[in-house]
Amino acid sequence: MKQKHTREIRIGSVFIGASHPVAVQSMCATKTQDVSATLKQVIHLTEAGAKIVRIAVDSPRDAVALEELARQISLLPSEIRTKVNLSVDLQENFRLAEQIAPFVAKIRYNPGHLNHLQKDIPWREKVRWLAEIAKKHEIALRIGVNCGSIDAEKEKEFSAQERKTERLHPMLASALEHADWLEEIGFTRFCVSLKDSDPRQVISVNTIFAEKRPDIPLHLGVTEAGVPPLGIQKSRAALEPLLFSGIGDTLRISLTVPNERKHEEILAGMSLLADVEAGRRTVTGEWKMEGLNIISCPSCSRVQNSRFVELAERVHQETQYAKDFPIIIAVMGCRVNGPGETDHADLGLWCGSDTVNLKSGGKLLGTFAYEEILQVLKHELNKILSERGFL
C-alpha cells in the first residue's frame with residue numbers, strides 16, 4: 001500500500017489520515033428512538049472492531065434519543081466506552097446539529113440535502129453554521145456526496161449529455177466546492193466521501209478527487225453494494241485498488257443484512273484491510289457486471305420496514321433466471337437514496353413502511369403490498385426481457 005499524504009484529523013478517540021491505519025466503520029440499523037436496541041448494536045459493532053459507529057438523526061425525537069444514548073454509553077465500562085465514537089448522519093434536517101453536537105465525535109452532512117430545509121438561506125451560510133457548531137464542540141465533519149442524492153442545483157450546471165455520459169461531474173464538483181468553502185472559512189477538521197453503486201465510478205471519482213486534493217482524508221464505500229456475497233465482491237472491486245494506491249483513510253462495507261448480522265460489515269472491512277496490508281490482491285481487472293445487477297441499500301435506521309431486507313434477499317433468489325441478462329434492479333429501503341437509484345434502474349423497488357413503489361425506467365408503475373410485489377416485479381422483468389429479445 002502506497003504512502004498516504006492526507007492530513008490528520010481526530011474523530012473522538014480515533015485518528016484518521018496521515019500515517020494512521022484505515023479505520024473501519026458501520027452504521028446502526030436500529031431505530032434511533034429505540035435507545036436500548038441502538039445501544040446494544042453500538043456495543044456489538046464496537047466490539048466487532050468498528051472504530052466509528054454512525055447513527056441517523058432526522059427529527060427532534062431522534063436528537064433526544066441520541067442524548068439518552070450518549071448518557072447510557074457514558075455508564076459503560078471504560079474498556080468499551082473509550083472505544084465508542086459516534087458519528088451522526090443529519091439527513092435533511094441540518095438544524096439539529098446544534099442539539100446533537102455535544103454527544104458525538106463527527107457529523108456527516110449531504111450537500112444534496114441542505115436545500116431541503118430553509119431554502120431561502122444559501123448553502124454556504126448553512127455550512128458556515130455547521131462548521132461553527134463543529135468548532136465549538138471540537139468535533140469533525142464529513143462531506144458525504146452520494147450518486148443517488150446529488151445537489152439538484154449542482155446537477156443543473158452540467159448538460160443532460162454530460163450527466164448521462166459522466167455522472168461523476170456533479171458529484172466531484174460538489175465535493176470540491178464544499179471542501180474549498182470549509183477551508184476558506186477556516187475549518188479543516190473534515191473528511192470527504194464520494195459514493196456510487198458502481199465500483200468503477202467509485203474508483204474513478206475518488207482517484208480524481210485524491211489527485212486534486214491529496215491532503216483531504218477520504219472515507220471509502222460503495223453505496224447500495226447489496227446482499228452478500230455480491231455486496232462484498234462489489235466493495236472489494238472498488239476499495240481494494242484504491243487502498244493499494246494509497247487512497248482511503250476510513251471505510252465502510254455497506255451490506256443488506258438483518259440487524260443481528262450487522263457486524264458482517266466490520267468483518268468484511270477488516271478482512272479487506274488485512275489482505276491489503278499483506279499485499280494480497282483479490283481483485284483482477286476492472287469490475288464488470290455483465291448480467292443481472294441487483295442494487296440494494298444497506299440496512300440502516302432510515303429503513304421504514306425491516307421487511308425490506310427480506311425482500312432484497314428474495315429478489316436475489318427469485319430473479320436468478322435472468323442472471324445472464326444486463327438488467328438493473330434497485331431495491332431501496334428509504335427516501336434518502338431511493339428516488340435517485342430507482343430512477344436510474346430498469347426496475348426499481350422503493351420500500352415504504354407498508355407498501356412498495358415499483359418503477360420501470362424511472363416511471364412509477366404503482367404501489368403494492370409487500371405480499372404481492374414479487375409477482376408484479378417478475379411480470380415486469382419478463383416484459384423487459386421479452387422486449388429486449390432475451391426471451
Practice task
Count the heavy atoms of every other residue, nucleotide or ligand shown that sit under 6.0 Å from NZ of Lys378, and state whether that count exceeds 12.
Solution key: yes
Exercise for the section: Please round to the nearest 0.5 Å and tell me the distance separating atom CG of Leu130 and atom CD of Glu98. Expected result: 10.5 Å
Problem - Salt bridge flag under 4.0 Å for residues Arg307 and Glu310 - result: no
Exercise for the section: Treat each ILVMFWY residue as a node, draw an edge where side-chain heavy atoms are under 4.5 Å apart, and state whether Phe187 and Ile107 are in one component. Expected result: yes
Exercise for the section: Look up atom CG in Leu242 and atom CD1 in Ile203, then write down how far apart they are to the nearest 0.5 Å. Expected result: 5.5 Å
Practice task
Spell out, as yes or no, whether a donor-acceptor pair under 3.5 Å connects the side chain of Ser254 to the backbone of Thr223.
Solution key: no
Handout entry: Gln118 side chain reached by Asp120 side chain, heavy atoms, under 4.5 Å
Key = yes
Practice task
Step by step, work out the ring pair (Phe, Tyr, Trp, His ring centres under 6.0 Å) result for Tyr109 and His178.
Solution key: CA-CA 11 Å; Tyr109 78 89; His178 278 253; 5.6 Å; yes
Exercise for the section: Output all residues satisfying salt bridge (Lys or Arg N to Asp or Glu O under 4.0 Å) with Glu183, sequence neighbours left out; order by chain, then residue number. Expected result: Arg7, Arg213
Problem - Side-chain heavy atoms of Gln233 within contact of Leu230, under 4.5 Å - result: yes
Exercise for the section: For residues Leu358 and Leu349, determine if any side-chain heavy atom of one lies less than 4.5 Å from a side-chain heavy atom of the other. Expected result: yes
Problem - Over all atoms of both residues, closest heavy-atom pair of Arg189 and Glu138 - result: NH1-O, 2.9 Å
Handout entry: Side-chain (Arg54) to main-chain (Ser87) donor-acceptor, under 3.5 angstrom
Key = no
Problem - Val88 and Asp62: CA distance, side-chain angles, deciding distance, side chain to side chain contact (heavy atoms under 4.5 Å, CB included) verdict - result: CA-CA 11 Å; Val88 158; Asp62 285 344; over 6 Å; no
Problem - Aromatic Phe244 / basic Arg281 pairing, under 6.0 angstrom, 45° off normal - result: yes
Practice task
Verify the neighbour count for atom CZ of Arg388: are there more than 12 heavy atoms of other residues, nucleotides or ligands below 6.0 Å?
Solution key: yes
Practice task
Would you please say whether a donor-acceptor pair under 3.5 Å links the side chains of Lys234 and Asn293?
Solution key: yes
Problem - Under 3.5 Å: donor-acceptor pair, side chain of Ser235, backbone of Gly231 - result: yes
Problem - Passing candidate, side chain to side chain donor-acceptor pair (under 3.5 Å) with Asp89, options Lys106, Arg142, His113, Arg108 - result: Arg108
Practice task
First locate atom CZ of Phe209, then atom CD1 of Ile216, and finally report the distance between them rounded to the nearest 0.5 Å.
Solution key: 4.0 Å
Problem - Note: Glu240-Arg280 ion pair, threshold 4.0 Å (strictly below) - result: no
Problem - Trp181 side chain vs Arg124 backbone, donor-acceptor pair below 3.5 Å - result: yes
Problem - Passing option when Lys195 is tested against His219, Gln201, Glu224 for side chain to side chain donor-acceptor pair (under 3.5 Å) - result: His219
Handout entry: Polar contact flag, side-chain donor to acceptor under 3.5 angstrom, Asn206-Ser204
Key = no
Practice task
Output yes when a side-chain donor or acceptor of Thr38 lies under 3.5 Å from a complementary backbone atom of Lys31, and no otherwise.
Solution key: yes
Exercise for the section: Please report the closest heavy-atom contact between Asp249 and Ala18, naming both atoms and the distance. Expected result: OD1-N, 4.4 Å
Handout entry: Contact summary for Ile185 and Val127, nearest pair of heavy atoms
Key = CD1-O, 4.5 Å
Handout entry: NZ/NE/NH1/NH2 to OD/OE distance under 4.0 Å, Lys135 and Glu132
Key = no
Problem - Polar side-chain atom of Lys126 near backbone of Leu117 as donor-acceptor pair, under 3.5 Å - result: yes
Problem - Remaining members of the apolar cluster that contains Ile11, side-chain heavy atoms under 4.5 Å - result: Ile9, Val14, Ile16, Ile52
Exercise for the section: Treating Ile, Leu, Val, Met, Phe, Trp and Tyr as nodes and any side-chain heavy-atom pair under 4.5 angstrom as an edge, say whether Ile329 and Phe368 lie in one connected cluster. Expected result: yes
Practice task
Could you tell me whether Glu265 and Lys262 have a side-chain N and a carboxylate O separated by less than 4.0 Å?
Solution key: yes
Practice task
Give a yes or no on whether the backbone of Asn259 and the side-chain of Gln41 come within a donor-acceptor separation of less than 3.5 Å.
Solution key: yes
Practice task
Nearest 0.5 Å please: distance from the CG atom of Leu182 over to the CZ atom of Arg128.
Solution key: 10.5 Å
Handout entry: Heavy-atom donor-acceptor pair, Gln320 side chain to His316 backbone, under 3.5 Å
Key = yes
Practice task
Determine, using the 4.5 Å side-chain heavy-atom cutoff (strictly less than), whether Val104 and Ile80 are members of one ILVMFWY cluster.
Solution key: yes
Exercise for the section: Would you please test Val315 and Leu374 for side chain to side chain contact (heavy atoms under 4.5 Å, CB included) and show each step? Expected result: CA-CA 7 Å; Val315 168; Leu374 278 169; 3.8 Å; yes
Completion exercise
Between Ala105 and Gly12, the two heavy atoms sitting closest are CB-N, 3.4 Å
Problem - Evaluation steps, side chain to side chain contact (heavy atoms under 4.5 Å, CB included), between Cys28 and Val53 - result: CA-CA 7 Å; Cys28 282; Val53 178; 3.7 Å; yes
Exercise for the section: Evaluate side chain to side chain donor-acceptor pair (under 3.5 Å) for Asp215 paired with Thr6, printing each intermediate quantity in order. Expected result: CA-CA 4 Å; Asp215 55 318; Thr6 52; over 6 Å; no
Practice task
Under the side chain to side chain contact (heavy atoms under 4.5 Å, CB included) rule, what do Val22 and Leu251 come out as? Steps first, then yes or no, please.
Solution key: CA-CA 7 Å; Val22 177; Leu251 64 84; 3.8 Å; yes
Practice task
Work out which heavy atom in Thr82 is nearest to a heavy atom in Ser78; give both atom names and the distance.
Solution key: OG1-O, 2.7 Å
Problem - Check: Leu86 and Leu69 side chains under 4.5 Å, non-hydrogen atoms - result: yes
Exercise for the section: Without swapping roles, check the side chain of Ser74 against the backbone of Arg71 for a donor-acceptor pair under 3.5 Å. Expected result: yes
Handout entry: Pairwise distance CG(Leu292) to OH(Tyr321) - rounded to 0.5 angstrom
Key = 9.5 Å
Exercise for the section: Please answer: with hydrophobic residues joined when any side-chain heavy atoms are less than 4.5 Å apart, are Ile208 and Leu194 in the same cluster? Expected result: yes
Practice task
Apply side chain to side chain donor-acceptor pair (under 3.5 Å) to Gln317 and Glu313, showing your working.
Solution key: CA-CA 6 Å; Gln317 295 165 3; Glu313 291 174 337; 5.6 Å; no
Problem - Flag for Arg236-Thr282: side-chain donor and acceptor within less than 3.5 Å - result: yes
Exercise for the section: Would you check if the side chain of Thr256 reaches a backbone N or O of Ser296 as a donor-acceptor pair within less than 3.5 Å? Expected result: yes
Handout entry: Heavy-atom check, side chain of Pro298 versus side chain of Arg252, under 4.5 Å
Key = yes
Handout entry: Flag side-chain contact, heavy atom, 4.5 Å: Pro21 against Lys51
Key = no
Problem - Atom pair CD1/OG1 of Ile373 and Thr367 - distance to nearest 0.5 Å - result: 8.5 Å
Handout entry: Nearest non-hydrogen partners of Leu172 and Val205, listed with the distance
Key = CD1-O, 4.1 Å
Practice task
Give a yes or no on whether Leu365 and Val376 share a hydrophobic cluster (residues Ile, Leu, Val, Met, Phe, Trp, Tyr; joining criterion: side-chain heavy atoms under 4.5 Å apart).
Solution key: yes
Practice task
May I ask you to decide if the ring planes of Trp129 and Phe94 are parallel, tilted or perpendicular, using 30° and 60° as cut-offs?
Solution key: perpendicular
